[in-house]
Amino acid sequence: LRRFSVQLALPAAAQTVTDGDTIKLNGTTYRLHGIDAAESRQWCGDYPAGAIATGVLASLIEGHEVVCEPKTRDRYGRLVAVCRADGQDLGKAMVRLGAALAFTRYSAMYMADEAAARAEGLGVHRRGCQAPWQYRAAQRRK
């Protein structure tokens with residue numbers, strides 16, 4: 001496993017949110033390390049989980065300097081990275097707010113944050129949402 005040491009600090013104008021766990025900075029796509037957010041079109045009953053996750057991530061980076069520390073690449077060629085907005089870990093914030101789940105298949109970093117969000121019934125935990133990886137598997141079977 002090759003370790004990346006590149007760090008990018010880009011102005012807010014160069015940032016876009018692709019979905020609840022993916023951002024694009026100055027043309028480079030970053031998948032947030034250790035989390036999995038609802039798919040863009042994923043609903044939990046009447047709760048638009050994917051759209052809300054995207055909106056939460058957008059609000060976390062809006063107007064802030066984002067720095068990403070790449071860890072590896074995923075099977076789609078995206079850089080998987082720990083990204084911070086003015087020092088705030090975006091993955092941790094997304095999980096703690098109930099806007100994403102800890103992706104324990106790849107990292108145990110945010111398990112405590114997920115437990116706290118679950119205990120407080122925040123976001124997807126209040127709605128009984130299907131985990132994003134289960135949702136994707138069900139969509140592939142259709």
Side-chain angles (χ1 to χ4, degrees), residues 1-140:
L1 183 69
R2 189 172 73 185
R3 184 115 169 109
F4 294 90
S5 62
V6 176
Q7 288 197 351
L8 301 174
L10 302 167
Q15 305 170 143
T16 57
V17 173
T18 304
D19 60 28
D21 52 31
T22 309
I23 61 176
K24 189 177 266 191
L25 301 177
N26 206 24
T28 301
T29 302
Y30 294 92
R31 172 72 161 73
L32 297 180
H33 174 73
I35 75 168
D36 200 6
E39 293 298 308
S40 296
R41 295 184 179 162
Q42 185 175 348
W43 284 70
C44 303
D46 64 351
Y47 181 73
I52 288 174
T54 301
V56 169
L57 184 54
S59 72
L60 289 170
I61 70 169
E62 185 177 356
H64 300 284
E65 179 182 66
V66 176
V67 176
C68 290
E69 179 187 340
K71 298 231 173 250
T72 190
R73 284 193 184 271
D74 67 11
R75 64 182 176 182
Y76 304 107
R78 299 175 297 191
L79 286 172
V80 177
V82 173
C83 296
R84 293 179 177 80
D86 290 341
Q88 179 184 25
D89 182 332
L90 294 172
K92 180 179 183 72
M94 290 293 290
V95 172
R96 186 61 186 88
L97 292 168
L101 298 179
F103 207 177
T104 57
R105 178 177 175 186
Y106 297 102
S107 173
M109 278 178 69
Y110 306 118
M111 289 176 64
D113 300 294
E114 182 176 321
R118 185 179 306 279
E120 293 174 34
L122 300 178
V124 297
H125 305 293
R126 177 176 299 175
R127 309 306 194 291
C129 289
Q130 186 176 36
W133 53 88
Q134 293 170 337
Y135 174 84
R136 287 190 298 271
Q139 295 303 303
R140 284 190 298 268

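Heavy-atom basis, side chains included; hydrogens, waters and symmetry copies ignored. Numbers here are sequence positions counted from 1. All values derive from a computational prediction rather than experimental measurement.
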Subject >> Heavy-atom side-chain contact between Gln139 and Gln42 under 4.5 Å >> reply: no

Original post:
So, does Arg73 use its side chain to make a donor-acceptor pair with the main chain of Arg78 at under 3.5 Å?
Top reply: no

**OP:** Check for a donor-acceptor pair, side chain of Glu114 on one end and backbone N or O of Ala102 on the other, with a separation under 3.5 Å.
**Re:** yes

**OP:** Would you give the length of the straight line joining atom CG of Leu32 to atom CE of Met94, rounded to the nearest 0.5 angstrom?
**Re:** 7.5 Å

Original post:
Do the non-hydrogen side-chain atoms of Thr72 and Asp74 ever get within less than 4.5 Å of each other?
Top reply: no

Original post:
Does any N or O in the side chain of Glu120 come within less than 3.5 Å of the main-chain N or O of Arg96, such that one atom is a donor and the other an acceptor?
Top reply: no

Subject >> Donor-acceptor pair, side chain of Thr22 and main chain of Thr18, under 3.5 angstrom >> reply: no

Original post:
Which heavy atom in Pro70 sits nearest to a heavy atom in Ala81, and how many Å separate them?
Top reply: CA-CB, 3.6 Å

**OP:** Take atom CZ of Arg41 as the centre, draw a 6.0 Å sphere, and report whether it contains more than 12 heavy atoms from other residues, nucleotides or ligands.
**Re:** no

**OP:** Would you check if Asp89 and Met109 make a side-chain contact, meaning some heavy-atom pair closer than 4.5 Å?
**Re:** yes

Subject >> Close side-chain approach of Trp133 to Phe103, heavy-atom, < 4.5 Å >> reply: yes

Subject >> Nearest heavy-atom neighbours spanning Cys129 and Tyr47 >> reply: SG-CD2, 4.2 Å

**OP:** Test Tyr30 against every option in Leu79, Val66, Leu90 by the side chain to side chain contact (heavy atoms under 4.5 Å, CB included) rule and name the one that passes.
**Re:** Leu79

Subject >> Residue pair Ala37 / Asp21: nearest heavy atoms and the distance that separates them >> reply: N-OD2, 2.9 Å

Original post:
Which heavy atom in Tyr106 sits nearest to a heavy atom in His33, and how many Å separate them?
Top reply: O-CE1, 4.2 Å

Original post:
Atom CG of Leu60 and atom CG of Leu97: how far apart are they, to the nearest 0.5 Å?
Top reply: 6.5 Å

Original post:
Are the side chain of Asp86 and the backbone of His64 linked by a donor-acceptor contact shorter than 3.5 Å?
Top reply: no

Original post:
Taking all atoms of both residues into account, what is the closest heavy-atom pair of Ala38 and Gly50, and its distance?
Top reply: CB-N, 3.6 Å

Original post:
In Å and rounded to the nearest 0.5 Å, what is the CD1 to SG distance from Ile61 to Cys83?
Top reply: 9.0 Å

**OP:** Decide yes or no for Cys68 and Val82: does some side-chain heavy atom of the first lie under 4.5 Å from some side-chain heavy atom of the second?
**Re:** no

Original post:
So, the side chain of Ser59 versus the backbone of Val56: is there a donor-acceptor pair under 3.5 Å, distance only?
Top reply: yes

Subject >> Residue pair Met111 / Val95, side-chain heavy-atom distance below 4.5 Å >> reply: no

**OP:** Please tell me if the side chains of Thr16 and Ile23 come closer than 4.5 Å, counting only heavy atoms from C-beta onward.
**Re:** no

**OP:** Go through the steps for Arg31 and Asp36 under the test salt bridge (charged side-chain N to carboxylate O under 4.0 Å, His left out), then give the verdict.
**Re:** CA-CA 9 Å; Arg31 172 72 161 73; Asp36 200 6; 3.2 Å; yes

